[in-house]
A.B. asks: 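Structure incoming, see below.
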Number of protein chains: 2
Amino acid sequence: MAPDTDPTGPRLAALATLLADETRAAFCLALLDGRAWTAGELARHARVAPSTASEHLGRLVAGGLLTEERQGRHRYLRIAGPAVAHLVEDLAAHAEPSGEPPRTLRAAGASHALARGRTCYDHLAGRLGLALTDALTDRGLLSQDTGFALTDRGLDWFREQGIGLERTGRRPLVRPCLDWTERKPHLAGVAGAALCRHLLASGWCVRIGSGRAVKVTDDGELALRERLGIDPGILR
Amino acid sequence: MAPDTDPTGPRLAALATLLADETRAAFCLALLDGRAWTAGELARHARVAPSTASEHLGRLVAGGLLTEERQGRHRYLRIAGPAVAHLVEDLAAHAEPSGEPPRTLRAAGASHALARGRTCYDHLAGRLGLALTDALTDRGLLSQDTGFALTDRGLDWFREQGIGLERTGRRPLVRPCLDWTERKPHLAGVAGAALCRHLLASGWCVRIGSGRAVKVTDDGELALRERLGIDPGILR
DNA sequence: GGGACGTTTCGGCGGGGACCGTACGGTGTC
DNA sequence: GACACCGTACGGTCCCCGCCGAAACGTCCC
């Protein structure tokens, strides 16, 4: 029996409290695009007064979920790290009951772009992320039969493509990420982040507007078909 | 940019709210032993009035985190499933700042037993869980180099031991679980649960008292040394 | 310097929820 | 049937916290 003075309960509750508010949850979800937002942008996004946002952001930073960077009169905020991003993603995946179609046209348009491809903190998700993951799996570079791991041939492939896989700290090389639109896992972890950086750096995909949506370029369609046999039609 | 009417935020907040209370968090952590507790037991454990516990349990059940089973005048409660257990574990792991030694002697004694071996919902954790995971890894049955997956030899080993690995639904065959005492991942998922069941059924380990602590029996020490080369000294 | 802008601090309001005690219904036991 | 026991419904209290507006501070630009 756990001792009644187990400090884990209060700490778990404190952590959950940070995400237990609609405004703070909206902040964290928005920041899942992996980039830095200003306090004002977040306030407008969540439709609350700047003063309200300021308080919330103070708590999220104090709680270690976000980090801040002051530049002049701006306060830039981002998710504190991959572990936090993973946590929020995981929680969001559990919160989503099932496939529920969006209602408004604008939401439908936005969610269509997001469903096609987007960043999920530092890796790719949406149909694009899934297509990459499936292609790696089909070609025997990634094994999902008995877990989730790169094969030896997969390691070679990353090396051939010139995609470095420097392991930093305790972060896993690969990790499945189950996001809340697709219901299948896609590639995350060090390799997922490296692959995302590589596609963006090569100009194979680009960000759309200011959000987390991304789209594959013409060069990208060619490269992905050549190197991974991905049918461009899937990505549209 | 995510639409402002994205329903994910409110749902995420609602889910987090369920764990954002010390009493409810204590309930969920206690139930992580994987067994059913009565409402009264949980109330005493968390030091709240029965009526208070009843309200909390109602919310947790309504929110899908717990399931209930009525038997006579008792109300038995358990974690709703592996996904929920995983979620709570994950959150608890993030909530724990770092290795902080317990203060009271009773807590030290209890946490010592828990550190040696315990169930983590349906698989084994603590030094025992870690020793099993490490042994499987050292013998090339489990690969952690490029992800987390059973090897072909690992699949054979489970078969030889007569441990069935029936996959149910979408649950992964293996999954790393990072709990909050050890800082290294141990084996979870279908295989982790099957291994735990096998050890308990074979009498190689038994539960201590009414909690989630387990200890290895003499038979178990022999079997684990023979089959996985585990030094019994590690488990003490 | 002046003015626009981003952000923070503070006071105050309002609502939700965590808690308890009490009373009550259902269940098992003598 | 009387009694202990487990769980629940209800009323009431208290406190926390999410929100805003107003005012102030710092920064950037002209």
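Fair warning: this is a prediction, and the values are worked out from it, not measured in the lab. Labels below follow one simple rule: chain letters A, B, ... track the order of the sequence lines, proteins then strands, and each chain is numbered from 1.
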A.B. asks: Output the rounded distance in Å from NE2 (A:His74) to C1' (C:dC5).
C.D. replies: 8 Å
A.B. asks: So, under a plain 3.5 Å distance rule, would you say the side chain of B:Ser51 forms a donor-acceptor pair with the base of C:dG21?
C.D. replies: yes
A.B. asks: Calculate the interatomic distance between A:Glu41 atom CD and C:dC5 atom C1'; express it in whole Å.
C.D. replies: 14 Å
A.B. asks: B:Arg47 side chain N/O closer than 4.0 Å to the phosphate oxygens (OP1, OP2) of C:dC19?
C.D. replies: no
A.B. asks: Between A:Arg24 and B:Ala39, name the one whose nearest nucleotide on DNA chain D is closer to the 5' end.
C.D. replies: B:Ala39
A.B. asks: Please determine if a side-chain N or O atom of B:Arg70 lies less than 4.0 Å away from the OP1 or OP2 oxygen of D:dT8.
C.D. replies: yes
A.B. asks: Report the distance from atom CG of A:Leu42 to atom P of C:dT8, rounded to the nearest whole Å.
C.D. replies: 11 Å
A.B. asks: Identify, between A:Glu55 and A:Tyr76, the residue whose nearest nucleotide on DNA chain C lies closer to the 5' end.
C.D. replies: A:Tyr76
A.B. asks: Please state how far atom CZ in B:Arg73 lies from atom C1' in D:dC5, giving the value in whole angstrom units.
C.D. replies: 4 Å
A.B. asks: C:dG17 C1' sits how many Å from B:Leu60 CG, rounded?
C.D. replies: 14 Å
A.B. asks: Answer yes or no: is there a side-chain heavy-atom contact under 4.5 Å between B:Thr119 and B:Arg35?
C.D. replies: no
A.B. asks: Distance check: side-chain N/O of A:Arg75 vs OP1/OP2 of C:dT8, anything under 4.0 Å?
C.D. replies: yes
A.B. asks: Would you mind checking if B:Arg171 and B:Asp122 are paired as a salt bridge, meaning a charged N to carboxylate O distance below 4.0 Å?
C.D. replies: yes
A.B. asks: Quick one: A:Trp37 CH2 to C:dG6 C1', roughly how many Å, whole number?
C.D. replies: 17 Å
A.B. asks: Atom CG of A:Leu57 to atom C1' of C:dT7: distance rounded to whole Å?
C.D. replies: 10 Å
A.B. asks: Taking OP1 and OP2 of D:dC17, is either one under 4.0 Å from a side-chain nitrogen or oxygen of A:His56?
C.D. replies: no
A.B. asks: Is the shortest side-chain heavy-atom distance between B:Pro172 and B:Val190 below 4.5 Å?
C.D. replies: no
A.B. asks: Under 4.0 Å: is that the gap between some side-chain N or O of A:Arg59 and OP1 or OP2 of D:dG18?
C.D. replies: yes
A.B. asks: Side-chain contact, heavy-atom cut-off 4.5 Å: B:Leu173 with B:Arg167?
C.D. replies: yes
A.B. asks: Does some side-chain heavy atom of B:Leu57 sit less than 4.5 Å from a side-chain heavy atom of B:Arg75?
C.D. replies: yes
A.B. asks: Of the options D:dC19, C:dG6, C:dT27, whose atoms approach the side-chain atoms of A:Thr52 most closely?
C.D. replies: D:dC19
A.B. asks: On DNA chain D, does the nearest nucleotide to A:Glu22 precede the nearest nucleotide to A:Gly72 from the 5' side, or the other way round? Give the residue.
C.D. replies: A:Glu22
A.B. asks: In this structure, how many angstroms lie between the C1' atom of C:dC5 and the CD atom of A:Gln71, rounded?
C.D. replies: 16 Å
A.B. asks: So, is B:Ser54 near the phosphate of D:dT8, with a side-chain N or O under 4.0 Å from OP1 or OP2?
C.D. replies: yes
